[in-house]
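I have placed the structure first, in the form of structure tokens, so that the comments after it can refer back to it.
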Amino acid sequence: GNSVTQMEGPVTLSEEAFLTINCTYTATGYPSLFWYVQYPGEGLQLLLKATKADDKGSNKGFEATYRKETTSFHLEKGSVQVSDSAVYFCALISNSGGSNYKLTFGKGTLLTVNP
Amino acid sequence: KAGVTQTPRYLIKTRGQQVTLSCSPISGHRSVSWYQQTPGQGLQFLFEYFSETQRNKGNFPGRFSGRQFSNSRSEMNVSTLELGDSALYLCASSLGPGALEKLFFGSGTQLSVL
């Protein structure tokens, strides 16, 4: 079946530090890949996505590149801010064998950015 | 345009009771999915409804059920609550099944089972 493995947190950084959150996946076919962000007390919001190999998703200074050869979709940001403190989820959509598309999530990584 | 609305925001129940959670999707969205979020398991898919029909189901026991009404609003029910059912339950809506690349989440219902 499909699965997503992301680095366990929590991750604590100082403001303006470089961020990497690793994400690898196992899936049948050609999945679409996503990063979602959950701010305290809120639901999930789509941060960025990539739908095919070598695509780069980007938003709000965050980037992730769909690497089919390493089955990875690592999230990066060059300079984090306190407002980036949240839980980040890597996810994929893959047709599991029919018309039933399913969204599979990693367990989430808590990021805390200190001023 | 209003977002996905979930009620209630918080709920406290005791073991053995049952609970019903409600979700109103974004206007025009006809597909509703439910997820359970816990610190240990992360986000796990419960089920998806479209046009009042369950289209997809995750690996949860039969105590977890749901339904969708003609106005696309959805409810999920958990019977005979167990301590392990304590979680944040998230609802998400999309225009239709398979449109998961444009999925919008509500803020969730935090269920505590004592």
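Order of the sequence lines sets the chain letters (A, B, ...), proteins ahead of strands, with each chain counted from 1.
- For an aromatic pair to be called close, the ring centres must be under 6.0 Å apart, and A:F105 with B:Y35 satisfies this.
- Under the 4.5 Å side-chain contact rule for hydrophobic residues, B:L83 and B:L111 share a cluster.
- Looking only at heavy-atom pairs under 4.5 Å with chain A, the residue among B:Q41, B:Q37, B:Q44 that has the most is B:Q37.
- Both the backbone and the side chain of A:L44 have a heavy atom closer than 4.5 Å to some heavy atom of chain B.
- Of the atoms belonging to A:Q45, not a single heavy atom falls under 4.5 Å from chain B.
- A donor-acceptor contact shorter than 3.5 Å is absent between the side chain of A:K107 and the backbone of B:L43.
- For A:E16, the CD atom sits in a loose shell: 12 or fewer heavy atoms of surrounding residues, nucleotides or ligands are nearer than 6.0 Å.
- Between A:T104 and B:F45, every side-chain heavy-atom pair lies at or beyond the 4.5 Å cut-off.
- Surrounding NZ of B:K57 are more than 12 heavy atoms belonging to other residues, nucleotides or ligands, all under 6.0 Å away.
- For chain A, no part of B:Q6 is nearby; none of its heavy atoms comes within less than 4.5 Å.
- When hydrophobic clusters are built by joining Ile, Leu, Val, Met, Phe, Trp and Tyr residues whose side-chain heavy atoms come closer than 4.5 Å, directly or via intermediates, B:V19 is grouped together with B:F47.
- More than 12 heavy-atom neighbours from other residues, nucleotides or ligands sit within 6.0 angstrom of OH on A:Y39.
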Is there a side chain to side chain contact (heavy atoms under 4.5 Å, CB included) between B:L103 and A:L46 once you walk through the steps? CA-CA 8 Å; B:L103 201 61; A:L46 179 63; over 6 Å; no

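- The environment of B:R63 atom CZ is dense: over 12 non-hydrogen atoms of other residues, nucleotides or ligands sit within 6.0 angstrom.
- Of all heavy-atom pairs spanning B:S107 and A:G41, the tightest one is CB-O, 4.2 Å.
- Counting non-hydrogen atoms of other residues, nucleotides and ligands closer than 6.0 Å to CD of A:E8 gives a total of 12 or fewer.
- Distance check: A:E42 CD to B:F105 CZ gives 13.5 Å after rounding to the nearest 0.5 Å.
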